[in-house]
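Step one of this worksheet: look at the structure below.
Just so it is clear, the structure is predicted and the values come from calculations on it, not from any experiment.
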Amino acid sequence: MKSTPFTEKHIALGAKMAPFAGFNMPISYSGINDEHHTVRKNAGVFDVSHMGEFILKGDKALDLIQRVTSNDASRLVAGKAQYSCLPNNEGGIVDDLIVYCLEENKAYMLVVNASNIDKDWNWISQFNTEGVEMHNISDKTCLLAIQGPNATKILEPLTDIDILNMKYYTFQKGTFAGVQNVLISATGYTGAGGIEIYFEDKDDHGNVIWNKIFEVGAPKGLKPIGLAARDTLRLEMGYCLYGNDIDDTTTPLEAGLGWITKLNKDFVAKDILAKQKGEGIKKKLVGLEMIDKGIPRHDYEIQNKEGETIGRVTSGTQSPSLQKGIAMGYIDLPFSKIDTEVFIKVRDKQLLAKVVKMPFE
């Protein structure tokens with residue numbers, strides 16, 4: 001199992017550790033509910049150094065990104081980032097990712113899911129027919145996500161960058177906690193606001209940055225947060241988790257990601273997705289809220305009142321913010337309208353639920 005530069009810190013802090021995407025990762029510290037509310041109401045620190053980072057450079061870097069991603073990266077200028085996905089030849093999703101424009105038309109960073117690093121690298125490489133310079137910097141890149149409404153206020157003394165006024169999905173490079181060349185990005189997967197910081201794993205930078213963050217943050221209630229709360233936070237926002245809500249068999253249109261699927265440019269499986277858009281999708285990813293008491297879980301059947309299977313739960317939990325069971329799942333189109341009542345099969349019982357808008361509220 002791989003470690004991140006912060007693994008020993010998590011263990012020393014008493015985190016419950018478990019394997020995730022080949023890494024020994026912290027699942028929780030003080031408990032999911034406490035950590036979840038800490039991020040929603042104040043601020044928390046996630047070690048997400050297991051994520052993958054690729055640098056693509058050269059005159060044809062943008063062409064390659066345009067070919068393999070569904071969103072329109074030509075709209076990016078230096079300092080802007082974009083959520084996107086890598087479609088496969090059938091229109092399914094190889095991975096979802098963020099594209100960072102480091103230098104317009106010349107240099108980009110792609111941030112991919114930890115479990116898909118090799119898969120994504122091989123997929124993009126097979127389309128690199130024009131000699132784009134590609135570097136996999138995943139193993140030497142640290143990534144901390146400091147999320148929550150007070151995150152930037154707490155961290156402001158540590159940097160020369162105006163993080164208080166950073167616009168969503170923009171980034172800058174500068175000094176953070178005395179370390180130079182840190183990329184600070186107004187992104188994150190919690191919906192609670194905050195930043196993500198990327199820096200090179202060298203010269204004890206991980207230690208320096210971690211300690212400084214908690215030096216200024218701990219007195220203000222900043223806490224380390226595990227992956228379990230990260231999952232409940234992203235689910236409340238209706239954000240997809242690769243391997244659960246999206247995968248090689250689901251298309252971006254079915255997953256509600258039509259907004260990152262730009263059919264006015266040429267990319268892998270564009271024709272398949274254009275055809276699907278024209279003909280209409282048959283299943284759709286929806287939000288589900290329990291009416292009966294119960295917790296919907298991954299792979300539970302979604303049924304109509306006759307007990308026929310009309311879909312399947314992809315992610316589900318007891319929402320710490322709403323104090324009720326919530327889920328995402330693919331459902332046959334006729335049942336996908338908001339407020340449609342459906343049933344989740346929990347063991348041998350049919351529990352009543354309804355289709356709701358995401359984010360959950």
Q. Is Lys282 salt-bridged to Asp332, cutoff N-O under 4.0 Å?
A. no
Q: Check the pair Leu352, Glu341 against side chain to side chain contact (heavy atoms under 4.5 Å, CB included), reporting the backbone distance first and the verdict last.
A: CA-CA 7 Å; Leu352 187 62; Glu341 292 193 342; 3.9 Å; yes
Q | Within one Ile-Leu-Val-Met-Phe-Trp-Tyr cluster: Ile65 and Leu102, side-chain cutoff 4.5 Å | A | no
Q. Got a donor-acceptor contact below 3.5 angstrom from the Tyr239 side chain to the Asp231 backbone?
A. no
Q. Where do His298 and Asn244 come nearest, in terms of heavy atoms and distance?
A. ND1-ND2, 4.0 Å
Q) Are the charged groups of Arg312 and Asp299 less than 4.0 angstrom apart, N to O? A) yes
Q: Identify whether the distance between the nearest side-chain nitrogen and carboxylate oxygen of Asp292 and Lys324 falls below 4.0 Å.
A: no
Q. Is it true that a side-chain atom of Lys270 and a backbone atom of Leu263 form a donor plus acceptor pair closer than 3.5 Å?
A. yes
**Q.** Donor-acceptor under 3.5 Å (Thr159 side chain, Ile161 main chain)
**A.** yes
Q. If Ile, Leu, Val, Met, Phe, Trp and Tyr residues are connected whenever their side-chain heavy atoms lie under 4.5 Å apart, and connections chain through other members, are Leu333 and Leu285 in the same group?
A. no
Q | CG-CD1 distance between Asp201 and Ile137, expressed to the nearest 0.5 angstrom | A | 11.5 Å
**Q.** Greater than 12 external heavy atoms within 6.0 Å of Asn264's CG
**A.** yes
**Q.** Exercise: identify the closest heavy-atom pair between Gln147 and Gly188
**A.** OE1-CA, 3.4 Å
Q) Say you draw a straight line from CG of Leu64 to NZ of Lys57; how long is it, rounded to the nearest 0.5 Å? A) 15.0 Å
Q: Verify the distance criterion only: is there a donor paired with an acceptor across the side chains of Ser3 and Asn24 at less than 3.5 Å?
A: no
Q) What closest approach, in Å, do Ala73 and Gln66 show between heavy atoms, and which atom pair accounts for it? A) N-OE1, 2.7 Å
Q.
Do Lys9 and Asn207 pair up side chain to side chain, a donor and an acceptor below 3.5 Å, judged on atom types alone?
A. yes
Q: Treat each ILVMFWY residue as a node, draw an edge where side-chain heavy atoms are under 4.5 Å apart, and state whether Leu155 and Leu143 are in one component.
A: no
Q: Spell out, as yes or no, whether a donor-acceptor pair under 3.5 Å connects the side chain of Gln350 to the backbone of Asn304.
A: yes
Q) Is there a donor-acceptor contact under 3.5 Å from the side chain of Glu104 to the main chain of Cys101? A) no
(Q) Checking side-chain polar atoms at under 3.5 Å, does Ser321 have a donor or acceptor matched by the opposite partner on Glu236? (A) yes
(Q) So, taking the atom named CE in Met328 and the one named OG1 in Thr317, what distance separates them when rounded to the nearest 0.5 Å? (A) 13.0 Å
Q) Would Ser138 and Met51 satisfy side chain to side chain contact (heavy atoms under 4.5 Å, CB included), going step by step from the backbone distance to the final call? A) CA-CA 7 Å; Ser138 307; Met51 299 289 279; over 6 Å; no
Q: First locate atom NE2 of His37, then atom CD1 of Ile32, and finally report the distance between them rounded to the nearest 0.5 Å.
A: 11.0 Å
(Q) Minimum heavy-atom separation for Leu222 and Gly44, please, with both atom names. (A) CD1-N, 3.8 Å
Q) Shared ILVMFWY cluster between Val216 and Ile225, side chains joined below 4.5 angstrom? A) no
Q: Classify the side-chain pair Thr314/Asp245 by whether it contains a donor and acceptor separated by less than 3.5 Å.
A: yes
Q: Flag yes if Leu56 and Met109 sit in one hydrophobic cluster, no otherwise; membership is Ile, Leu, Val, Met, Phe, Trp, Tyr, and two members link when side-chain heavy atoms are under 4.5 Å apart.
A: no
Q. Going by atom types only, do Asn116 and Asn113 share a side-chain donor-acceptor pair under 3.5 Å?
A. no
Q: Taking atom types as modelled, find out whether Ser315 and Arg234 have a side-chain donor-acceptor pair closer than 3.5 angstrom.
A: yes
Q. How about Phe20 and His50: are their ring centres within less than 6.0 Å of each other?
A. yes
Q) Is there side-chain contact between Leu183 and Ile197, with heavy atoms separated by less than 4.5 Å? A) no
**Q.** Nearest non-hydrogen partners of Ile302 and Tyr330, listed with the distance
**A.** CD1-O, 3.9 Å
Q. How about Tyr198 and Tyr100: are their ring centroids closer than 6.0 Å?
A. yes
Q.
Whether the side chain of Ser319 engages the backbone of Gly325 through a donor-acceptor N/O pair (distance < 3.5 Å, no angle test) should be reported.
A. no
Q: Would you sort out whether Ile209 and Leu144 count as a side chain to side chain contact (heavy atoms under 4.5 Å, CB included), showing the intermediate values?
A: CA-CA 9 Å; Ile209 285 179; Leu144 293 174; 4.1 Å; yes
Q.
Are there over 12 heavy-atom neighbours, none belonging to Lys16, within less than 6.0 Å of that residue's NZ?
A. no
**Q.** Ion pair check, Asp248 and Lys119, cut-off under 4.0 Å
**A.** yes
(Q) For a 4.5 angstrom cut-off between non-hydrogen side-chain atoms, does Ile124 reach Leu110? (A) yes
Q: Check whether the side chains of Ser49 and Asp47 place a donor and an acceptor atom closer than 3.5 Å, and report yes or no.
A: yes
**Q.** Flag, side chain of Lys202 to backbone of Phe199, donor-acceptor distance under 3.5 Å
**A.** no
(Q) When you measure from the centre of the six-membered ring of Tyr300, is the NZ or CZ of Lys345 closer than 6.0 Å and no more than 45° off the axis? (A) no
Q.
Within this structure, what is the OG1-CD distance for the pair Thr141 and Glu53, rounded to the nearest 0.5 Å?
A. 4.5 Å
Q.
Which heavy atom of Phe54 sits nearest to which heavy atom of Ile117, and what is that distance?
A. CZ-O, 3.4 Å
Q: Answer yes or no: are there more than 12 heavy-atom neighbours, outside Glu306 itself, under 6.0 Å from its atom CD?
A: yes
Q: Would you check if the side chain of Gln82 reaches a backbone N or O of Asp72 as a donor-acceptor pair within less than 3.5 Å?
A: yes
Q: Side-chain contact test, heavy atoms from C-beta onward, threshold under 4.5 Å: evaluate it for Gln303 versus Ile344 and give yes or no.
A: no
**Q.** Donor-acceptor contact below 3.5 Å, side chain Thr170 vs main chain Met166
**A.** no
**Q.** Salt bridge present between Glu35 and Lys223 (N-O < 4.0 angstrom)
**A.** no
Q.
Has Asn71 got a side-chain atom pairing as donor or acceptor with Tyr83's backbone, closer than 3.5 angstrom?
A. yes
(Q) Within the 4.5 Å heavy-atom criterion, are Ile213 and Asn211 side-chain neighbours or not? (A) no
**Q.** Minimum side-chain heavy-atom gap Ile93-Asp247 below 4.5 Å
**A.** no
**Q.** Check: Thr187 and Tyr169 side chains under 4.5 Å, non-hydrogen atoms
**A.** yes
(Q) Please determine whether side chain to side chain contact (heavy atoms under 4.5 Å, CB included) holds for the pair Ile27 and Met17, giving the CA-CA distance in whole Å, both sets of side-chain angles, and the decisive distance to 0.1 Å. (A) CA-CA 6 Å; Ile27 302 305; Met17 305 292 287; over 6 Å; no
Q.
Please check if the number of heavy atoms outside Lys284 that lie under 6.0 Å from its NZ is greater than 12.
A. no
Q: With side chain to side chain donor-acceptor pair (under 3.5 Å) as the test, would you mind laying out the steps for Glu301 and Thr309 before giving the verdict?
A: CA-CA 6 Å; Glu301 275 181 37; Thr309 302; 2.7 Å; yes
**Q.** Leu273 side chain reached by Thr251 side chain, heavy atoms, under 4.5 Å
**A.** yes
(Q) Is any side-chain heavy atom of Phe343 closer than 4.5 Å to one of Lys349? (A) no
Q.
Check for me whether the distance between the ring centres of His10 and Trp210 falls short of 6.0 Å.
A. yes
